[in-house]
Amino acid sequence: MASRPDIETEDESRFLISDLCQMLESYLDKDQVQEVYRAYLFGAEAHEGQHRLSGEPYIYHPVAAARILAELRLDHKSIVAAILHDVIEDTPTAKEQIQSEFGEDVAELVDGVSKLTQIEFESQAEAQAENFRKMILAMVRDIRVILVKLADRLHNMRTLGVMRPDKRRRIARETLDIYAPIANRLGINALRVELEDLGFAALYPLRYKVLNKAVLEARGHRKEVLNKIETAIKRRIQQENLPARVRSREKHLYSLYRKIRDKTLSFEETYDVYAFRIIVNDVDACYRALGIMHNLFKPVPGKFKDYIAIPKANGYQSLHSILFGPYGVPIEVQIRTEEMDRVAESGVAAHWVYKENDAGVDQMHAGAREWMRELLEMQTRAGDSLEFLENVKIDLFPDAVYVFTPAGEIMKLPHGSTVIDFAYAVHTDVGNTCIDARVDRQVVPLRTILRNGQTVEIVTASGATPSPAWLSFVVTAKARSNIRHHQKNLKREEAISLGRRMLDRALAVFEMTADDISSKRLKTLLKDYRMKDVDDLLVEIGMGRRPSVLVARALVPAGDDESGEGETAMRPLVIKGSEGMVTRFSKCCRPIPGDPVVGIITGGRGLVIHSVNCRNISDNKYPPENFLDVQWEPSIDEEFPVEVLVAVEDRRGVLARVAAAIGDADSNIESVAIEERDGRTNNLRFTITVHNRLHLASVMRGVRKMPSVIRITRSRG
Ligand code: MN
């Protein structure tokens, strides 16, 4: 098993029943603790002579599971059930015996856990769905069943190393697919985080090792900056006389991994966030602390979230904001009360201990009860287990978008899917002939991004054909490949007619029609493109090889082009099909070859190339027809400016050494600015030129290796 220096790997077998009882005494009554001890004697006798794979006496496992629940401060019945959880399963002890010794509740809990344990999650979807259904139903009867099961699973994951590799992987996958999402849905963050990291380590040992090493290295580099920010926050909060606890926190490995995998961000971009949690006494103090933070560091617009006023479905409450920190580092703050913090860590488990009037816990538990009620309802409505599983997954996997057909059929689409993706998911023909769409009965543009729970209706017309412009916004492979396929298979006449329609539509953007084009201008263009006649041009457009908007732009009389950068049009072609267009690269995100890009047609400034992740294009500032699916020419030899931010220790000559390292990597420095200075660290902002992403990566590697460099990041606006 991969080494896990960041996860506690203390010797579980040293944890004895006396330690457990001592823990319990801090929050349970004496007779309740006595009951737990009696359960221990009962369990130890039942498991007498049994050993785990690791060789230790079996009873160590249930005691360890009970300890996990004791850390969540669960009630004594849950603890007793945890100690007895394998008794029915692995020993001849019957349920009736437990009932007469420890009462009805405990017997039901142990029985429920035993039933869950018998469930083997197999690879076939149907079997898995049926098992999952049983599990949800057990959970609905008494949620403590699942809490005991989660503790059982967590301890098994901690001691997974002794298993055969194939078994280890199966259990790890099941943990990531089923148990961690359930812990998340119940808001039990403490269990979820550990289940995820252990599952990740067991399922992808190599990836885990690489990422873990990267984190350990980066942690060393960031320590100083982290301390500096923490001190600044603490000092300011003290000045304002606000009682508060401040601590820094780190994303756990699996969540880093998921972010890198899903958003294709680099490790640096993902890890390079400095996160702090501020715990205060009451709700008023939360908002005061927020004001203090926004006063200390400028907030990033649009990144503030108030989960206190509007809690998450699992009861989570907190204020979130992202701030511009020193050296340009982003700072993430979470502000909450002690109660909210406890709910955030223990979720639904917070209920059994704090029975006094506690708004946060009440709300959270009401949320969990509501969810259970919905599950029961779903269960009675669902035709079969598979359908039920699909429904439940909506709750458990919020990354996907689930929408409905008008007939009530559920469709699962990746996050960011549009109406067109939906149409293709329904059927290829529906996608190909889609002309209009309604979302929740409202007519919407085809570019519209779908949200959970919406009902989508597609209007088709026979003879309609997919538009190449759709390529700039669809996200599913099915939609993309179908649109491209359709384009390629057009007959010449069809392509001409489609090309004409598309050109007309594109000209309309410039408030022109085909009649406004002078024949002289058209001839010049055909000559430029080396084409024989207009039909050739229309075929190219119809086949999607030449964007209609670009052709239209080339046909529009010059003069309303205010770019003032005349020479840019003369640059060698860097974006496919953009001949004759004034092409500029946006200064906000500074895309370089290798970055996924999108083109935007702007009134006066020609075609502007942005990185697809650019913040400036994510809102609906530009109408969909202005978006162009563009690609880099494969053989570009130009250099592109890009901004990098280098945090360095303030040593004599460090600027010169960093500059030399950049030069050594064959990159030119266009400008450099020294941004902040506190006597110990400086922030150097370089604009350098590179050929592409690979080149940039090698420049950054070279600089990062230098001893006085704390960090280097690509800066994007
Ligand atoms: Mn067990």
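Here, residue 1 is the first one in the sequence, and each next residue gets the next number. Computed from a predicted structure; not experimentally measured. Ligands are counted one by one from 1 in listed order, and the atoms in each one are counted from 1 as well.
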Which value, rounded to 10°, describes the NE2(His85)-the Mn ion (ligand 1)-OD2(Asp86) angle?
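The angle at the Mn ion (ligand 1) comes to 80°, rounded to the nearest 10°.
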
Is it true that some N/O/S atom of His61, main chain or side chain, lies under 2.8 Å from the Mn ion (ligand 1)?
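So His61 does bind the Mn ion (ligand 1) by this criterion.
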
How are the rings of Phe200 and Tyr254 set relative to one another: parallel (under 30°), tilted (30 to 60°) or perpendicular (over 60°)?
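Rings of Phe200 and Tyr254: tilted, as their planes differ by 30° to 60°.
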
Atom name in Asp152, limited to N/O/S, at shortest distance from the Mn ion (ligand 1):
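Closest N, O or S atom of Asp152 to the Mn ion (ligand 1): OD1.
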
Can you find a pair of side-chain heavy atoms, one from Ile98 and one from Phe42, that are under 4.5 Å apart?
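Result yes, sub-4.5 Å side-chain heavy-atom pair found.
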
Find out whether Ile229 and Ile233 are in side-chain contact, i.e. whether some heavy atom of one side chain is under 4.5 Å from a heavy atom of the other.
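When only atoms from C-beta onward are counted, Ile233 and Ile229 do touch, with a gap below 4.5 Å.
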
Please check if the side chain of Asp29 supplies one atom and the backbone of Gln32 the other of a donor-acceptor pair under 3.5 Å.
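Looks like no, no N/O pair under 3.5 Å.
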
